[in-house]
Structures are given as C-alpha cells and as structure tokens.
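Working notes for the structure below.
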Number of protein chains: 2
Amino acid sequence: MSDPTILIVDDEPAIRDMIGITLDLAGFNSMSAETAHQAHVAIVDSRPDLILLDWMLPGGSGIELARRLKRDELTSTLPIIMLTAKTSEDNKVQGLDVGVDDYVTKPFSPRELVARIKAVLRRSNGSTQDKVIRVFDLQLDPSSHRVTIEDNPVDMGPTEFKLLKFFMSHQEKVFSRDHIQDQVWGGNVYLEERTIDVHIRRLRKALSSIEPTSINYARLIQTVRGAGYRFSVKPA
Amino acid sequence: MSDPTILIVDDEPAIRDMIGITLDLAGFNSMSAETAHQAHVAIVDSRPDLILLDWMLPGGSGIELARRLKRDELTSTLPIIMLTAKTSEDNKVQGLDVGVDDYVTKPFSPRELVARIKAVLRRSNGSTQDKVIRVFDLQLDPSSHRVTIEDNPVDMGPTEFKLLKFFMSHQEKVFSRDHIQDQVWGGNVYLEERTIDVHIRRLRKALSSIEPTSINYARLIQTVRGAGYRFSVKPA
DNA sequence: TACTCTTGTCACACCACTGTAATATTATAT
DNA sequence: ATATAATATTACAGTGGTGTGACAAGAGTA
C-alpha cells in the first residue's frame, strides 16, 4: 500500500529532473533511466509500478522498448505512458498499437501528467477483490470503508482502519512493530516505535466503544511481549 | 438528450469508414478505434453510449476487451454489439456468454445495423440509464432530469445532478476524488482536487434546501476522511 | 449587449487526526 | 520482593484534510 514507484526514461537530464520533482510533489516515488538498456535493468531490478517512456531515445528507440516489454509475459501488464514532442496522429496510433496505456505530448502541464498517471494506475489496479472481512460480528468492508460490530458502525481514524485491515487479513500471526510500520505506513517513513503502541491503543479503544452483546473485540488485538502484536480469535 | 455516441472498434479502415458514414446518416455521433487499447482509452475518455466491436482484432483481443469491460463494474452496463464475419453458432454462443448485448454478422445491411443499435440502446436506456432511482423520498429521474424530495423539486446545477446520479447508482461505496472526477467529469479533464469538495458542498446544500419532514438527505452524502466520499443510507 | 446561471479556483477557518514525549502500569528476571 | 525492561495510557501541539464563502471567467439566454 505504499506509494507507487514511477520509472522515468528520458535522455534529457532537465526533463528527468523536472518530471521527478513533479512526481515527488504528487506523492510518488520516482527513479530514472537514461537509455532503453538502463531502463530495462531498472525494471527488472526495482519493478516500478509504471513507466514514463520517452518516444525518442538514442540507441534503440523508446517504442522498441515498449514493444519488448509488452511482448515479454513478465512485463506485459506493466503500464506504460509514452512521452513525445510530436503531435501527429500517426504517432499516437502507432504508440497505442504497441500496447501503450496512455500517451502524453510535450509540453504538458504537471497536473495533466499526474492526472494521467493516476488514471492509468487506477485502471491497472482496478477491480481489486475488496472482499468484506468478517470475524464473528466484526465486519470490515474495504469498498465502503466501514467497520461494524453487530451492524453498529465503529468510528476510527484512517490509520486505525488500515491497521485493522492489515490485522484482519493476516490473522493468527505475530508482527513486529517494524513489520507493522512497513505494511501500514509504508516503507519510507520513520516512526518512533512507541507510536505503534498508541495506534494499537486507539484501535482497541475504537473496538471497545461499541458495547458488545457477547465479546469485547479489543481482545482480538493481542500483545505478544517482546515480539509485537497479533490478531487472533483464540484467547491469549 | 443529445445524439448517442457510438464507438466503432475495427482494424480495417474501410469498414470503420463505412460504418461511420452509416451512423452519421442515421443521426448518431461516431468515433472509432483501431485496437483494443485505443478503444479502452477512448471509452474512458469519451464515454460512448454503445460500442460496435469487431470479433477479430489483431491479437485476438476483441472478445478479451468485451470481457474486461463487462467485468469492470463501472463499464459493465455499457452496451456492446459484436461484429463478426464468422457465422458459426459457436462464436455466437461464446460472444453472448461474455455478456455482449447483441451480435451482427458481416456482411450486414446498414439498415440492419442501425436497427439493432437502436434496439439495444432502447433496451439499455429503458432499463438502466433512465430508470428512476429512489432512496426513501429522494427521487432522481434521469429521463426528465429532475430531482425531488417528497415530490418537491430540488434545484441544482447539471454537475450536481450528474454527481448525485453517480452516487445514487453506486451506493455504499467510497470513491476517491480522482475516481469521482473520472466518473462524473470524464477522463480528459483536469480539475483541482478541492473542486470536488465544492461540488459536494453544493449538492449537500441543494439537498438541504427542502425542509424535510423526516431526514436530512444531505446526510446521505458522507465524508470519509482520507478516502473520499460515500453515498450511504446508513449513518456515518 | 447585458444579464443570469454555472463552474472552477482560491483563501480562510476549523477540527479530526497524527506523532511524540512523559508518565503509569504490567510482565519478566534476578 | 525488587529491579528492570516492555508495554499501556494520557496529554498535547502541529499538521493536514475538509467545510465554506467569495469571486471571476465562461456558457447560455433574452
């Protein structure tokens, strides 16, 4: 659930930097490559979520790279957005023919670029099986973003929601604070370790806020001393 | 209701042109795409009312595109008519299996094509598009473009109407601002994120303008902090 | 042309949420 | 039992997400 990584492939440093800054501001991670070969290495190594690919690259055109990526089964689903200075319809048709997912002509506004990236990512991520997770009478519905106990809505903040979702989809397993931080907050944030405890506390409090007819759902969030936390239906 | 827009997806230019002319004469707007990818982009960007889809696209992706569109909730109601040169029953069965709305075998007469398009449009308009959506005493009638609360007309702008229509036909589900923008404004418009908030505000205001005897319908438009908005009959 | 309605954007205010530190409590070891 | 480490709890200030009113440009109309 961490920020998507975008690979920028362009031979002009100025453009790479400009786009990089734009993407950073928009909350993406960005990396860049200068040549098609570099790009290929980076793709295999770092598995970015999307590629911004310049149409004209020295030594092996961008379109050739796009074609290769779309042909290879391992990378064929990797979304590609083509960048080009040309505006003729021919290129557009040809580029889309290769299987490119979208197409942005230079010069473009940062806003447009970000919007198209988000749109493409949404399309490729689309229809993720957001199944309702249920434990006894505790329900978490990702699509409606609701938590209910015996059909009473439970109020909690976004972080507690993500935390609970993570726990409910990984039950009966202990996670260290570091691990929880990676999964819930994402890889590139530094948190004080105790911060996790506070959010655990808030989550437990939220789960206790509904007076339950049977069990106290806060008990499902179990402390494992020296190891971390665990979501479990069995008593500690 | 302006003229319906038909998207023609076929790899042969001659056929695209022929159909395009036919449709123009019949009073439709037409646009065309050569590949499944182009088609997908065009669908997201321009939201056509019906798709004429060639069975055999290079890469055999015609049926694949149909399947994808029918699988995605947001495009699943988009009517599709399959075009094919083959006459075998097998294909027919397979095509309808995917959920395609009708099926025309080449060669076909322009008159037949137009007749089938009208038939499918009539069917889909009648059933999904123009059906009155009702939640308690809040009614939205797409065909007359009116919203009423307890039979009192509610005054709102076109954008708020589209927004409400989208929400009422996708209840109990959270949509991010980006998502709402895609669905209500279309794919190739770039808005400031906060603009959505303002329209939400206007919609809520409109829904509150009628003094309700029972509930305040503005409450159905719920804010989900950090996630987006949701139309829900359950309390937040 | 002048007028109205609609639309997108901005600026400001507000408050829920977040992260941290400080303190209290509990569990384990000696 | 006491000390010590680990966790629970509380309080608080800063931040960021959202609500809201105002405004100017555009679309449509008389």
Side-chain angles (χ1 to χ4, degrees), chain A residues 1 3 25-27 109-112 114-115 145 147 153-164 174-182 184-186 188-209 216 218-231 236, chain B residues 2 145 147 153-165 174-182 184-186 188-209 216 218-230 236:
Chain A
M1 228 6 154
D3 297 337
L25 287 176
S109 72
R111 183 190 294 178
E112 177 183 357
V114 170
H145 216 270
V147 177
V154 182
D155 191 47
M156 65 180 70
T159 304
E160 285 70 43
F161 183 87
K162 279 187 282 185
L163 195 54
L164 180 60
V174 182
F175 295 98
S176 70
R177 289 176 175 72
D178 282 338
H179 203 284
I180 293 172
Q181 180 179 322
D182 281 354
V184 178
W185 274 262
N188 7 344
V189 278
Y190 175 75
L191 285 180
E192 209 58 44
E193 274 218 339
R194 301 275 119 236
T195 300
I196 308 281
D197 301 32
V198 177
H199 282 281
I200 291 283
R201 147 80 172 157
R202 285 170 180 153
L203 178 53
R204 283 172 171 159
K205 202 171 187 176
L207 293 177
S208 304
S209 66
N216 184 352
R219 289 178 187 278
L220 302 184
I221 313 273
Q222 300 170 356
T223 303
V224 182
R225 196 184 171 83
Y229 296 96
R230 170 181 56 201
F231 185 98
Chain B
S2 60
H145 220 265
V147 177
V154 182
D155 188 49
M156 65 180 72
T159 304
E160 284 70 42
F161 182 85
K162 277 188 283 184
L163 194 54
L164 181 59
K165 182 181 173 189
V174 175
F175 294 95
S176 69
R177 290 173 175 74
D178 285 333
H179 230 290
I180 293 171
Q181 181 181 321
D182 274 3
V184 178
W185 275 262
N188 44 10
V189 178
Y190 306 108
L191 293 175
E192 206 59 41
E193 276 218 336
R194 304 302 316 283
T195 300
I196 308 284
D197 301 32
V198 177
H199 283 281
I200 291 283
R201 148 79 173 155
R202 286 169 181 155
L203 178 54
R204 283 172 172 160
K205 205 171 188 176
L207 292 176
S208 303
S209 66
N216 184 352
R219 287 178 187 278
L220 302 184
I221 313 274
Q222 300 171 355
T223 302
V224 182
R225 182 173 256 261
Y229 295 97
R230 170 182 58 200

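For the numbers below, each heavy atom of this structure counts, side chains included, while hydrogens, waters and symmetry mates do not. Chain identifiers are assigned alphabetically (A, B, ...) following the order of the sequence lines, protein sequences preceding nucleic acid strands; residue numbering begins at 1 within each chain. The structure displayed is predicted, hence computed values, not measured ones.
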A/Q181 side chain vs A/V189 backbone, donor-acceptor pair below 3.5 Å: yes
For [X] and [N], give me the distance from atom [atom1] to atom [atom2], rounded to whole Å.
X	N	atom1	atom2	result
A/E193	D/dA6	CD	C1'	11 Å
A/D178	D/dA6	CG	P	14 Å
A/R194	D/dT9	CZ	P	13 Å

Which of these, A/T223, A/V224, A/L203, sits in a side chain to side chain contact (heavy atoms under 4.5 Å, CB included) with A/Y229?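 In the set A/T223, A/V224, A/L203, the residue that makes a side chain to side chain contact (heavy atoms under 4.5 Å, CB included) with A/Y229 is A/T223.
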Residue closer to the 5' end of DNA chain D, A/I200 versus B/R177 (nearest nucleotide): A/I200
Position toward the 5' end of DNA chain D (nearest nucleotide), A/G226 or B/R204: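 The residue mapped nearer the 5' terminus is A/G226.
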Could you check whether [X] gets within reach of a base, just the sugar-phosphate, or nothing at all, counting any heavy atom under 4.0 Å?
X	result
A/L191	sugar-phosphate
A/Y229	sugar-phosphate
B/T195	base
B/V224	sugar-phosphate

Relative to the ring of B/F161, is the ring of B/H145 parallel (under 30°), tilted (30 to 60°) or perpendicular (over 60°)?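 It falls in the parallel class, under 30°.
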Euclidean distance, A/E193 CD relative to A/S176 OG, rounded to 0.5 Å: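 The distance works out to 8.0 Å.
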Quick one: on DNA chain C, does B/E160 or B/R225 contact a more 5' nucleotide (nearest heavy atom)?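 In this pair, the answer is B/E160.
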Look at A/R202 and D/dT10 and indicate whether a side-chain polar atom (N or O) is within less than 4.0 Å of OP1 or OP2.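 No, A/R202 has no side-chain N/O under 4.0 Å of OP1/OP2 on D/dT10.
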Contact boundaries on DNA chain C for chain A, cut-off under 4.0 Å to non-hydrogen atoms: C/dT9 to C/dT28
Which atom names give the shortest non-hydrogen contact between B/R204 and B/A218, and what distance separates them?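 Shortest heavy-atom contact: O-CB, 3.5 Å.
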Determine the minimum heavy-atom distance between A/V184 and A/T159, stating which atoms define it.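 Shortest heavy-atom separation between A/V184 and A/T159 comes out as CG1-O, 4.3 Å.
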List the steps, then state whether side chain to side chain contact (heavy atoms under 4.5 Å, CB included) holds for B/K165 with B/V147. CA-CA 10 Å; B/K165 182 181 173 189; B/V147 177; over 6 Å; no
